[in-house]
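One structure is given here, and the rest of the page talks about it.
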2 protein chains.
Amino acid sequence: MQSLIDIQQQLLPDLLVVMKKRYLILRQVMLSDMIGRRTLAASLNLTERVLRAETDFLKGQGLLLIDAAGMRISDAGRRLLENMEPLYKTMFGLSDLEERIRERFGLKGVSIVPGDSDTSPYTKRELGRAGCAALRKVMGKDDVVAVTGGSTLANLAGQMMTQAPLKSNWFVPARGGLGESLDYQANTIASTLAKRTGAQYRLLHVPDHLSDEAYMSLMQEPNVREIVEVIRSARIVVHGIGDAMVMARRRRVDESVIQAMEAEKALAEAFGYYFDRNGEVVHKMSTAGLRLEDIVETEVVIAIAGGRSKGEAIAAVMRFGHDDMLVTDEAAALEIAAIMDRE
Amino acid sequence: MQSLIDIQQQLLPDLLVVMKKRYLILRQVMLSDMIGRRTLAASLNLTERVLRAETDFLKGQGLLLIDAAGMRISDAGRRLLENMEPLYKTMFGLSDLEERIRERFGLKGVSIVPGDSDTSPYTKRELGRAGCAALRKVMGKDDVVAVTGGSTLANLAGQMMTQAPLKSNWFVPARGGLGESLDYQANTIASTLAKRTGAQYRLLHVPDHLSDEAYMSLMQEPNVREIVEVIRSARIVVHGIGDAMVMARRRRVDESVIQAMEAEKALAEAFGYYFDRNGEVVHKMSTAGLRLEDIVETEVVIAIAGGRSKGEAIAAVMRFGHDDMLVTDEAAALEIAAIMDRE
DNA sequence: TGCAAGCGGGACGTTATTGGTCCAATGTAA
DNA sequence: TTACATTGGACCAATAACGTCCCGCTTGCA
């Protein structure tokens, strides 16, 4: 059955949204015995007109009875609700989870794909696809999109598709180069995204990890300075989330710094910064890319990360509180929910 | 899984239509390796613009690759098609069958619900619902709808719903009263339908089975005459289909006539007439209701009947050739298809 | 190498659909 | 009877869908 839903999701992505809306209307009506349109619209957060279109439809389907006194559920509607009961969890379980997490961290949107990226490459791919969808949704015209590196972002970039070319948009790396494999460099990802969407891109040919002096002198270079300004003006940022220690080592951060971070219980890494479990930044360093103050200013910040092992790190970064959207997977989301419950 | 589809059918009735359209596009593209929009539109009987909207969508979903050379399927699309293969039959098998039957008998539309009305009351209910949908689709303003009697029609009437009241429409019985139970009388059904849809109705208080003399004298009555004229002017006729012998006995047709019909191999009964397997009428009698010549003139004739045992009778009436729509169930449809294959 | 057929995609005007808002008619309960 | 809440109709604005035409590009054939 899951496979059927997966297929339908690909062929009719907003199927579940519509189904859920209608299900909830029906359910609310049943719980209310008899209820009026306005009351119902208010309790479901729908405008009166939209609700009316839906109730007219449900009436036509014979699931709802409407008369001058109000609406109540029909026998067929009651039967349908009963039959849907067992399906509800599998069909909408994730969107409930999405809503809980969205609410808790004050996000604009949360998107959860089924599965666990740690164990299933398929889930990882889905995660990328969901990331694409989230990004597509917020991109407009003339937007600058800054992206970080990492395997998840690389996965996203490799799957990105658009209906029409986005000529007027720019993709830029959020940070400079790291010691990682080429495929996972922010530069590579920005360029892949631009190529796949028909957008433009700029690269930042500067190491991410800089001494203050090197930073100052590099920023004197007009061409470096120029692209850095573009990066810092990004309206949209898409970033991954990593484990603090793993990332620090991969970035060859000084052993002394690593130990300091360990002492401060650094847990998560995102766009080059390290966070403890409360979302406090525990280590800063000068960077030619996006700085914390830029992130705070950015209009849309999208985090994308999945896998049970990353749940804690994701929760930490969410506590930092400057993300607007989270794209994750079921395993990580359950982990996050568990952390929320423990609070 | 079937239950999921059933539920979705109620909450999103045209889900399958859209899914099938997209599936067929994808499939056609795969079979064609590389194909252009216009060619594809022609081979799928879609207008160019509609197809374009769909292919843009499929491209956005990453299922289709489009470049200046044409369209081809992506890996994800190919995977999707493979995954759908087993689902196709359960999801669309009936609509293929619908199309075959529609084509063979030159109908405007065929609607098949899953199951067998002979054995499952649930299927019988579904049949009624499908009949409602078919009827709703063809009803406009100021229409006169003539309905016959029978349990299937009664079932339909009991489930009929409309979004808005159809004040300007009239429901009338197609034929006079029979010896049957009150619930199954055409009069009862016309009145139920009118009440449930907010339409008007007229009754025909005349026995269906009349001697020529009685017929002539009854037709002198102004009020009988008036309603009979309304009936005969019906734009829409909805009728059931029965087994000839069963119906004849139920109607207490003279034993001599029954034997004559048996000799002529009467097989099916519909709107008071008896048909042999070739759709030829084998017995006529004067009636105050709809006559054959009225049926021939009627703009929309809808047949509704299901159950494996009725397959043969349905096929016979379809051969008569004046129906426009058929609403039936899977068991009967398969029986009809088997008869078609034997031809 | 040149040509023509077929391709995607842009553009535009028209039509159909959807959503917001207001109000009249109606039924219900106090 | 009155006051309230209900549905359903009406209307307008915004938007999406659609039909149609054309342009520039690629590609395969001559």
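Just so it is clear: chains get the letters A, B, ... in the order the sequence lines come, proteins before strands, and each one is counted from 1. From a predicted model like this one, the values you see are computed outputs, not experimental measurements.
Look at CZ on A:Arg37: it is 12 Å from C1' on C:dC23, rounded to the nearest Å. One can place CG of B:Asp33 at 16 Å from P of D:dT27, the figure rounded to the nearest angstrom. In this structure, B:Leu51 places its CG atom 15 Å from P of D:dA17, rounding to the nearest Å. Here D:dA16 presents its C1' atom at 14 Å from CG of A:Asp14, a figure rounded to the nearest Å. When rounded to the nearest whole Å, the span between CG of B:Leu46 and P of D:dT20 equals 14 Å. Put simply, CG on B:Leu40 is 15 Å from P on C:dG6, counting in whole angstrom units. Here C:dT28 presents its P atom at 9 Å from CE of A:Met34, a figure rounded to the nearest Å. When the C1' atom of D:dA17 is taken as reference, atom CD of B:Glu48 falls 15 Å away, rounded to whole Å.
In this structure, the side chain of B:Glu98 engages the main chain of B:Ile112 through a donor-acceptor pair within 3.5 Å.
Residue-to-nucleotide contacts include a donor-acceptor pair under 3.5 Å from the side chain of A:Arg52 to the base of D:dG9.
Remark: B:Arg102 does not engage B:Asp324 in a salt bridge, criterion side-chain N to carboxylate O under 4.0 Å. The pair B:Asp67-B:Arg72 meets the salt-bridge criterion, since a charged nitrogen lies less than 4.0 angstrom from a carboxylate oxygen.
Using a 4.0 Å heavy-atom distance criterion, B:Ile35 is classed as a sugar-phosphate-only contact.
Considering only side-chain N and O atoms, B:Thr39 lies nowhere under 4.0 angstrom from the phosphate OP1 or OP2 of C:dG6. For the OP1/OP2 pair of D:dC18 and a distance below 4.0 Å, the side-chain nitrogens and oxygens of B:Thr47 include no atom meeting the criterion.
Of the residues in residues 53-66 of chain B, those lying under 4.0 Å from DNA chain C by heavy-atom distance are B:Lys59, B:Ile66.
Each of A:Ala68 and A:Arg49 was assigned the nucleotide of DNA chain D with the nearest heavy atom; the assignment lying further toward the 5' end belongs to A:Ala68. Comparing B:Asp67 and A:Val50 along DNA chain C, the residue whose closest nucleotide (by nearest heavy atom) sits nearer the 5' end is B:Asp67.
Counting only residues at least two apart or on different chains, no salt bridge (Lys or Arg N to Asp or Glu O under 4.0 Å) pair has a member in residues 73-85 of chain B.
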Please report the C-alpha distance between A:Asp14 and A:Lys20 in whole Å, then the side-chain angles of each, then the deciding distance to 0.1 Å, and finally whether the salt bridge (Lys or Arg N to Asp or Glu O under 4.0 Å) criterion is met. CA-CA 10 Å; A:Asp14 42 6; A:Lys20 183 168 186 182; over 6 Å; no

Test salt bridge (Lys or Arg N to Asp or Glu O under 4.0 Å) on B:Glu126 and B:Arg129 and set out the steps. CA-CA 5 Å; B:Glu126 283 295 299; B:Arg129 222 180 61 190; 3.4 Å; yes

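Side-chain contact check for A:Asp6 versus B:Asn83: every heavy-atom pair is 4.5 Å or farther apart.
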